[in-house]
Amino acid sequence: MTGVPSIDPRSGATVEIVAEETTTEQVDAICTTALTAAGPLEDLGRDGRAALLDDLAAALEAHRDRIVEVADRETALGTVRLNGELSRTCYQLRLFGEVLRDGGYLEATVDHPGDTPMGPRPDLRRMLVPIGPVAVFGASNFPLAFSVPGGDTASALAAGSPVVLKAHHSHPATSQLCYEILAEAARKAGAPDGTFGIVHGMQAGADLVAHPAIRAVGFTGSVTGGRALLAIIEQRPEPIPFYGELSSLNPVVVTPGAATDRAEKIGAEFAASFTLGAGQFCTKPGLIFVPHGPDGDRLVTAIQETITGLDPMVMLNAGIATAYQRGTAALAGATGATGTTGTTGLDEPASASSGEQAPARATPLLFAASAAALPPEATEECFGPVTVVARWADEAELFAAVDELPPSLTATVHRGPGETDLPAELTRRFRSRTGRLVYDGYPTGVAVSWAQHHGGPWPATNTQHTSVGATAIRRFLRPVTWQNAPADLLPPELRDEYDSVPRRVDGVLRTRL
């Protein structure tokens with residue numbers, strides 16, 4: 001069996017062997033146990049699962065110091081960032097408790113029997129039910145918000161679906177620690193065995209997606225990784241939903257009025273946005289359109305001055321560092337470097353000790369291009385602290401470039417005082433190719449709320465659903481209709497006397513009494 005190493009990205013040293021890679025037989029046992037847990041987990045009811053989510057949040061908070069310590073050692077993301085990420089995750093768990101107690105997510109609908117223009121109608125009652133065990137793949141860049149703890153896990157559990165977690169190789173110790181804390185808290189809360197499971201290793205991930213007990217997959221990662229898992233799903237006798245967050249450029253447009261009004265402010269804030277977390281955010285803005293002219297020049301100078309003072313940044317793992325080197329080299333060949341040091345943006349020591357990786361630190365980089373001749377390399381995601389500034393001369397040039405961009409998770413417009421027509425036209429053009437429109441701000445930051453949507457057309461995601469916010473629960477539910485069912489066989493939420501959740505009855509929406 002092969003050991004799973006935990007590596008310190010700051011030094012490249014292997015700190016410990018966290019576990020052995022999970023065998024095919026072990027994956028089968030874990031998935032089978034998850035399947036047996038599905039019924040009892042649903043039977044906890046909405047209030048029972050809401051209490052479970054509250055207990056999980058409390059358990060994570062009780063072990064905060066240890067979780068943050070291990071996560072920082074494995075990711076170099078810093079304790080401030082990681083404490084904030086853990087707080088976000090605990091808030092998210094509790095938010096889904098509120099979603100459960102509200103009950104509107106069930107889409108409970110009752111149509112009593114009666115005559116219609118089509119003829120007699122039977123008694124029909126519909127609501128959403130759990131889809132079954134869910135496989136969740138941890139993300140490299142968010143060890144506490146999109147991995148073992150995080151939105152996919154919280155929303156799947158809220159739906160009533162057991163979760164089998166694929167630990168990410170960038171932070172296996174963090175994954176294992178969080179899993180153990182959550183599994184123990186679930187056990188103490190009375191959740192069935194199999195509510196949580198975890199596997200390690202690439203082959204284990206493939207076995208997990210192929211296992212017949214798994215009914216859906218949540219994935220945050222690269223397009224390449226997503227396609228590989230989709231290929232496995234397509235080979236299953238019974239294909240299942242795959243919810244992948246994959247690649248995003250997150251363009252930003254600065255209007256002439258915005259550049260005139262606050263060029264230096266936008267430049268400095270934009271630089272902070274694309275270098276946040278060493279640029280390893282799915283919402284990192286990888287392209288900014290800046291108008292030609294003195295005001296645009298001031299904005300670009302502000303970006304240059306801000307990143308010139310930044311130290312090289314530690315990358316999450318060697319694979320991401322290598323991809324950054326390739327991506328920035330391609331950008332350097334296709335565009336032009338401006339106000340930066342280095343050529344590829346990757347600083348590597350001359351050697352590393354035997355059995356260790358060489359740590360990699362990325363130099364923040366800014367590349368320049370013309371919006372009228374934007375090379376393909378400038379419209380591809382490059383994970384890391386790099387962005388491209390595209391200068392535009394007139395609206396026709398800007399619109400032509402915007403229309404050729406790939407869809408993204410976000411699109412941002414910075415407006416000047418009194419500007420309306422250009423922002424309105426940009427909104428119209430961006431709406432069909434993004435999931436979140438941002439104005440006079442920056443996309444690196446995804447609030448957890450009822451109204452949030454974190455998604456977008458391919459290649460941003462392969463789904464219309466969100467992975468952040470209250471409606472993320474919808475991914476792990478499916479609709480069922482009961483026709484002419486006896487009252488005692490109906491779920492409580494569909495019985496006539498039930499009035500504790502919003503329901504549409506005979507076409508009329510009724511809120512709770």
Side-chain angles (χ1 to χ4, degrees), residues 37 40-42 44-72 75 77 79-103 105 130 134 136 138-139 142-165 167-168 171 173-198 218 220 445-452 454 466-473 475-476:
L41 183 61
E42 181 179 6
L44 286 179
R46 291 182 296 108
D47 289 340
R49 292 198 302 279
L52 169 62
L53 294 171
D54 289 344
D55 288 347
L56 297 179
L60 291 172
E61 289 178 333
H63 295 85
R64 175 182 292 272
D65 291 346
R66 177 59 178 157
I67 292 171
V68 169
E69 176 189 5
V70 174
D72 182 48
T75 66
L77 290 173
T79 57
V80 173
R81 149 76 188 272
L82 290 166
N83 267 295
E85 196 176 318
L86 186 58
S87 294
R88 166 201 173 94
T89 289
C90 294
Y91 171 77
Q92 188 162 224
L93 286 163
R94 294 185 172 110
L95 174 66
F96 277 107
E98 295 178 20
V99 171
L100 287 169
R101 295 182 179 101
D102 173 85
Y105 78 96
V134 172
V136 171
F142 282 91
L144 305 179
F146 285 88
S147 292
V148 169
D152 286 351
T153 298
S155 54
L157 289 175
S161 297
V163 177
V164 182
L165 302 140
H168 199 282
H171 46 79
T174 307
S175 297
Q176 187 67 32
L177 173 62
C178 290
Y179 160 73
E180 291 171 358
I181 291 169
L182 292 173
E184 176 62 14
R187 185 191 65 78
K188 290 181 177 179
D193 291 341
T195 296
F196 286 103
I198 191 169
T220 301
V446 186
V448 176
S449 73
W450 287 83
Q452 186 58 270
H454 188 60
T466 180
S467 60
V468 179
T471 55
I473 193 173
R475 297 171 297 167
F476 307 122

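The structure presented is a predicted model; accordingly, all values stated were derived computationally and were not measured. Throughout, numbering of the chain's residues begins at 1 and tracks the sequence.
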Is it the case that the side chain of [X] and the backbone of [Y] share a donor-acceptor pair, with hydrogens and angles ignored and the cut-off at 3.5 Å?
X: Arg49; Y: Glu42; result: yes
X: Thr153; Y: Gly150; result: no
X: Gln452; Y: Ala447; result: yes
X: Glu85; Y: Leu144; result: yes
X: Ser147; Y: Phe142; result: yes
X: Arg475; Y: Ala472; result: yes
X: Asp72; Y: Val68; result: no

### Summary
dist Leu56:CG -> Glu61:CD (nearest 0.5 Å) comes out at 11.5 Å

Acceptor/donor pairs from residues 177-186 side chains to any protein atom, 3.5 angstrom cut, sequence neighbours excluded:
from, atom 1, to, atom 2, distance (Å)
Glu180, OE2, Gln176, NE2, 3.1
Glu184, OE1, Arg187, NE, 3.2
Glu184, OE2, Arg187, NH2, 2.6

### Query
So do the side chains of His168 and Phe146 get within less than 4.5 Å of each other, counting heavy atoms only?
no

### Query
Under 4.5 Å between any side-chain heavy atoms of Arg64 and Ser87, yes or no?
yes

Search all heavy atoms of [X] against all heavy atoms of [Y] and return the closest pair with its distance.
X: Ala154; Y: Phe96; value: CB-CD1, 3.8 Å
X: Pro149; Y: Pro143; value: CD-O, 3.9 Å
X: Leu100; Y: Ala50; value: CD1-N, 3.5 Å
X: Ile198; Y: Ala167; value: CD1-CB, 4.1 Å
X: Thr466; Y: Thr471; value: CG2-OG1, 3.2 Å
X: Leu82; Y: Ala71; value: CD1-C, 3.6 Å

### Task
Would you indicate whether Asp54, at its atom CG, is surrounded by more than 12 heavy atoms from other residues, nucleotides or ligands within a distance under 6.0 Å?
yes

### Message
Between Glu69 and Arg66, does any NZ, NE, NH1 or NH2 come within less than 4.0 Å of an OD or OE carboxylate oxygen?
### Response
yes

